[in-house]
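Notes to accompany the following structure.
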Amino acid sequence: MSLQDRSRFEPAEVEPRITAAWLGSGLVHPPAEGTAAENFSMAIPPPNVTGALHMGHALNGSIQDTLARWHRMHGRRTRWILGTDHAGIATQTQVEKLLKSEGSGREEIGREAFTERVWEWRAQYGGTIVEQFKRLGATCDFEAERFTLDEGYVEAVLTVFVRLYEKGLIYRDNYMVNWDPGSRSAISDLEVEEREVTDTLFAIAYPLTDGSGEVVVATVRPETMLADTAVAVNPDDERYTHLIGKSVTLPLVGRELPIIADEYVKTDFGTGCLKITPGHDPNDFEIGRRHGLDELSVIGEDGCMLPEAGEAYAGLSAADAQRKVVEDLRALGALRAEDPYTHTVPFSHRSGSRIEPLVSLQWFMRMDELAAPARQVVADGRVRIHPESQRRRYDEWLANIRPWCISRQLWWGHQIPVWYRGTPPTQETYVGMTAPEGDGWTRDPDVLDTWFSSALWPFATLGWPRETPELQAFYPTDVMSTGRDILFLWVARMVMMGLEFTGEVPFTDVYNHSVIQAPDGRRMSKSLGTGIDPLALIDGGPRPPVFAKRPGDDPGEFPAYGADAVRFGLLAMSSTQDVRFNEEKIAQGRALGNKLFNATRFALLKVEGIDAAVLSGGPGAEAARAPEDRWILSRLQAIKAEAAQRIGEFDFSKLSLALYDFVYGELCDWYLELIKAREVDADLAATLLHVLRETIALVHPVMPFVTEDLWAELPGHDGGLLAEASLPAADAALRDDAAEAQVSALIEAVTTVRSWRGDAGVAAGAILDARLTGDGYGETTALLARLARLDLDQPADAAGAATIVIPGGTVEILASGAFDPSEAAAKTEAQIADLQKEIARARGKLGNDGFVAKAPAAVVDAERAKLERLEAEVATLRAQLPEGAA
RNA sequence: GGGCGGUUAGCUCAGUUGGUCAGAGCACCUGCCUUACAAGCAGGGGGUCCACGGUUCGAGCCCGUGACCGCCCA
């Protein structure tokens, strides 16, 4: 349909066609040529293969695509590396659920069949999010999608494991891990969520072995006492110093426990005596290692008590064991108090189960050696973190880094490349890329933490460890854009691995984008009902309940805003680290798209009949430019420069709002209105089309669909895609301060007269007889007359009835029935009152000796000039009022 | 407990190095189908810039203390 047959931009009609054009053009998959320094590349934080597009993806996708398109349009070969993450636990959980619904389970079908099923599941559902990115207009490299378990990637992961093992950084050890009884696996610290829980704090008396008394310890987990191996007090706690080195007898068990001193113990918590259970508490574990204590285990991986807990408790769940221990202690008379106690407790982010800290045999990776260079590259600026305030978080995390437990008791993932033969005392271990020769070898059943493989993302996706052309052309990448929550989880580990294995930083800029909260300020989450589906914004759909004005009200439906509007809105919203979702910003984006659409319609109507070659040859001849032409060309350079600056600063909010302000506040509200009555010659037409073309190109990275659609309608269009076009940088030669001043004054004059008309009761369409006095309006008088609806062609001696002060002069309105003199006088009086206030303020300042003496001379002079101007203005306004007024 | 961000108009947010910075969008009121756009145009009302104290000739902005909201870490 032709542009002129439509009066609004309809995204749903246009988006599929344009998406197909982009993806069919090959622009997302540039050849692997040139150097990484010349090219622009960026790896997507690989979305979870089980995932669906949420607000965070939509925002980050908008950011990355804006960057990709911007750099592509500025002549850089641009590759936005796409792929998904195999997401060990999340995916395995999905498939286990599926099996359960079929009355089966992973144990029943065995590892091989299970893995098979996960691959099938992935083939069926794993592409969802990638397809959804297309809806956003994202120009990721859909032609070279990667997966963290595909063949080349496995090679990279195994290579890294083997090399780190050989270097001694990867080792196997008994260590305290976050055991998730729900998924029956160790999970990382970062997959643990702290929740506030009210438990009971039990006070238990432990008698001193020598019979000289007792100590009372406080605990929320009395059942773990069965694994106690010490009691600790603070060395500075005078109440207990005399006990250090003595021992207590553990009730119910009878074991003798030493009383030790450790700084960790807080003197003001509970009784100041702490029972130490190295096998079941992470802090106690650390204390235990410091003091060489035994690490006893009484709770197993299934969350039930082990035989080591004693006959009375073995086999009970931890909760049942707790009840029985408390009962038995009470019977013994050892229970001194039970009080409700609210504290934070770790839960698995994966399964929701309460974490059971356990000591278990796991694979670990020593991080301190890798952390030091990763800190260094940020410290010396080789990797820049935006906003800079996040640098400290990064550094502190790395400074306090601890060994990373990299093994997971799962079936879905990179199986650890370690084989064993024989039994422990004489067990042989083989570590290598492939199974060892000989019989009797068994492979370690565990898989690697998913983040182990994701940490290699920026280079493993480009073919590492092979020296591929892709690696040559696109590594190191330029930008990593992520949410703050994975600055450690991911970004820091990528930096470490990148430096270790490629010798280079994996990217030069890390951008931490905003977190968009629900409209009520809570976190956006599916389970809270506060999540917003980006596709519901694009296509229209029910609003989540959180949008209801009052609970229970019908929140209605989102209109189909289209992808451009969603992109614009999300970018515009994301100003600080946490922002509330703001539907108005999406609507603002839709309005902007529609505005551009109609501005283009208008421009094309104006230039009808002008030769296409003229219209695509840049602005009209300099000599033929009217002030408003020089003004808009100058303003266009300003917005181009600002956009480049904002991109460089990663300030996408200011970028998008600045584009809005230019299109609305300068191009459409003023330039198009200013030229409306002009006869269109070749020069004007060329200038108009030039400005329009560059504006469309400038907005393209943020709003690709509408701009691509309009681009194809511009005269002289050669059939090429805007996405592949180039946008020249701002041209300083087109900046024109004089024209800017001239047109600013005109705009202010028009606005002032319009405001006066409103207050003086002038009918909207009425043309007022008026006389213009003032400097600088020579070329713009006719424009002022037209836009302010004045007839300025009046005899010089006609009597003025009202005076409007405009920059550099006045507009005198002649007497007529078109305005109400009393309303006009009231307006004038109100103006005078306002001016008097400002005059008083200026006089106050200038009357202050301190100000005159200490403020810079320029500021004082400006204040004097302002005062003079205000006084002159008041005098002018007063002159028109009846005697005695104001 | 530590770190970070926030508190400015009814709502969501801008306000660079302290001096025409009190702004925008939406909402609201008034008037307009003015030869692109009613998802539009023109105009208008509306704010003790969280509180207190300090620095300064001058503070929304700098410093201190406190309150509240959110996120992260322990």
Side-chain angles (χ1 to χ4, degrees), chain A residues 3-4 6-10 189-190 194 266 282-283 344 387 389-393 396-397 400 483-485 487-488 512 514-515 517-523 549 559 561-562 565 569 572-606 645 649 651 653-654 657-658 660-661 664-665 668-669 672-673 676-677 750-751 753-765 786-789 838 841-842 844-856 858-860 862-863 865-866 869-870:
Chain A
L3 215 53
Q4 302 302 344
R6 303 180 272 167
S7 69
R8 55 170 72 160
F9 176 67
E10 296 288 355
D189 289 348
L190 297 161
E194 301 288 335
K266 291 179 197 135
N283 293 314
T344 55
S389 57
Q390 298 298 319
R391 263 176 71 165
R392 182 142 59 135
R393 289 181 63 223
E396 281 175 1
W397 188 76
N400 298 311
R484 290 189 311 285
D485 49 340
L487 183 62
F488 318 133
N512 294 278
S514 306
V515 172
Q517 301 168 330
D520 62 358
R522 286 186 294 167
R523 18 171 311 137
K549 290 209 169 59
Y561 285 111
M573 264 176 247
S574 65
S575 51
T576 49
Q577 76 173 31
D578 297 298
V579 293
R580 295 183 181 206
F581 180 81
N582 183 208
E583 191 178 338
E584 281 76 37
K585 284 279 188 291
I586 310 279
Q588 202 178 338
R590 178 179 61 168
L592 176 59
N594 200 47
K595 199 73 176 167
L596 275 174
F597 182 87
N598 279 293
T600 304
R601 287 176 73 207
F602 173 77
L604 296 191
L605 278 177
K606 289 294 280 185
Q645 187 195 330
E649 293 166 343
D651 192 337
S653 175
K654 295 236 174 57
L657 293 170
Y660 179 94
D661 287 342
Y664 263 77
C668 293
D669 286 352
L672 298 186
E673 294 300 330
K676 227 168 208 178
V750 170
T751 306
V753 174
R754 281 175 177 169
S755 171
W756 182 90
R757 290 171 59 107
D759 287 315
V762 177
R786 186 164 58 78
L787 294 185
R789 295 190 170 269
E838 278 197 66
R841 209 179 305 158
K845 265 192 184 178
L846 290 166
N848 180 338
D849 293 339
F851 176 72
V852 178
K854 293 186 182 175
V859 172
V860 178
E863 202 63 29
K866 176 181 160 188
R869 198 182 68 242
L870 293 172

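Quick note: numbers below take in every heavy atom, side chains included, and nothing from hydrogens, waters or symmetry partners. Every chain is numbered from 1, with letters handed out A, B, ... down the list of sequences.
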What nucleotide, of B/A36, B/C4, B/C57, holds the atom closest to the side chain of A/Asn848? B/C57
Would you call A/Asp651 and A/Gln645 a side-chain contact if the rule is heavy atoms closer than 4.5 Å? no
Using the C1' atom as the reference point in each nucleotide, state the distance between B/G19 and B/C62 in Å, no decimals. 14 Å
Looking only at B/G15, B/A36, B/G19, the nucleotide nearest the A/Glu673 side chain is B/A36
side-chain N/O A/Lys606 vs B/U35 OP1/OP2, d < 4.0 Å: no
Quickly work out the A/Leu657 CG to B/A14 P distance and round it to whole Å. 10 Å
Atom pair distance, as rounded to whole Å: CG in A/Asn598 and P in B/G40: 10 Å
When rounded to the nearest 0.5 angstrom, what distance separates CG in A/Leu787 from CG in A/Asp669? 11.0 Å
Between B/C21 and B/G15, how far is it from one C1' atom to the other, in whole Å? 7 Å
Do A/Ser653 and A/Lys585 have side chains that approach each other closer than 4.5 Å (heavy atoms only, starting at C-beta)? no
List for me each residue that meets side-chain contact (heavy atoms from CB on, under 4.5 Å) alongside A/Thr600, sequence neighbours excluded, and say none if there are none. A/Leu3, A/Leu604, A/Leu692, A/Ile696, A/Leu710, A/Leu714
Contact between A/Arg789 and A/Val750 at the side-chain level, heavy atoms closer than 4.5 Å - yes or no? no
On a whole-Å scale, what distance lies between the C1' atoms belonging to B/C57 and B/G43? 39 Å
For RNA chain B, the dot-bracket pattern of Watson-Crick and G-U pairs whose distances stay under 3.5 Å, | for other-strand partners: (((((((..((((.....[...)))).(((((.......))))).....(((((..]....)))))))))))).
Which atoms of nucleotides 43-50 of chain B (N or O only) lie under 3.5 Å from a protein N or O atom, and what are those distances?
residue, atom, partner, partner atom, Å
B/G44, OP1, A/Ser755, OG, 2.9

Write down the protein N/O and nucleotide N/O pairs, taken from nucleotides 53-55 of chain B, whose separation is under 3.5 Å; answer none if there are no such pairs.
none

Give me the distances for all protein-to-nucleotides 5-8 of chain B N/O pairs that come in under 3.5 Å?
residue, atom, partner, partner atom, Å
B/G5, O4', A/Gln577, OE1, 3.2
B/G5, O4', A/Gln577, NE2, 3.3

According to ring pair (Phe, Tyr, Trp, His ring centres under 6.0 Å), who are the partners of A/Phe602, at least two apart in sequence or on a separate chain? none
Looking at the side chain of A/Arg580, which of B/C72, B/U12, B/C57 is the nearest nucleotide? B/U12
Looking only at atom P, what distance separates B/A51 and B/U7, rounded to whole Å? 13 Å
Quick one, A/Asn582 and A/Pro519 - any side-chain contact, counting heavy atoms below 4.5 Å? no
Take the protein atom CZ of A/Arg789 and the nucleotide atom C1' of B/A42, then report the distance between them rounded to whole Å. 10 Å
Rounded to whole angstroms, how far apart are CD on A/Glu838 and C1' on B/A22? 12 Å
List the residues meeting side-chain contact (heavy atoms from CB on, under 4.5 Å) with A/Val762, not counting sequence neighbours, and say none if there are none. A/Trp756, A/Arg757, A/Ala760, A/Ala766, A/Leu768, A/Phe819
State plainly whether the residues A/Glu673 and A/Lys676 are in salt-bridge range, i.e. N to O under 4.0 Å. yes
Using side-chain contact (heavy atoms from CB on, under 4.5 Å) as the criterion, list what pairs up with A/Ala658, not counting sequence neighbours. A/Ile639, A/Glu642
Rounding to a whole Å, what distance do you find between A/Leu604:CG and B/C37:P? 13 Å
Quick one: is B/A39 close enough that its OP1 or OP2 comes under 4.0 Å of any side-chain N or O from A/Arg8? yes
Let me know the distance between CG of A/Asp651 and P of B/C13, rounded to the nearest Å. 16 Å
Whole-Å distance, A/Arg393 CZ to B/C73 C1', equals 8 Å
What side chain to side chain donor-acceptor pair (under 3.5 Å) pairs are there with at least one residue in residues 587-598 of chain A, not counting sequence neighbours? A/Asn598-A/Arg601
Using the salt bridge (Lys or Arg N to Asp or Glu O under 4.0 Å) criterion, which residues pair with A/Glu863? Sequence neighbours excluded. A/Lys845, A/Lys866
Over all heavy atoms of both residues, which pair between A/Val753 and A/Ala788 is shortest? Give the atoms and the distance, please. CG1-CB, 3.7 Å
Does a nitrogen or oxygen in the side chain of A/Lys595 sit under 4.0 Å from OP1 or OP2 of B/C41? yes
CZ of A/Phe602 versus C1' of B/C37: gap in Å, rounded? 11 Å
Taking side chain to side chain donor-acceptor pair (under 3.5 Å) as the test, write out the residues that go with A/Arg393, two or more places apart. A/Gln390
How do A/Val852 and A/Ala599 order along RNA chain B: which one's closest nucleotide is nearer the 5' end? A/Ala599
Closest-nucleotide ordering on RNA chain B, the 5'-leading residue of A/Asp849 and A/Arg392: A/Arg392
Nearest to the side chain of A/Ser575 - B/G40, B/C37, B/A14? B/A14
Sub-3.5 Å pairs of nitrogen or oxygen atoms, protein against nucleotides 24-32 of chain B:
residue, atom, partner, partner atom, Å
B/G25, O2', A/Gln588, OE1, 3.3

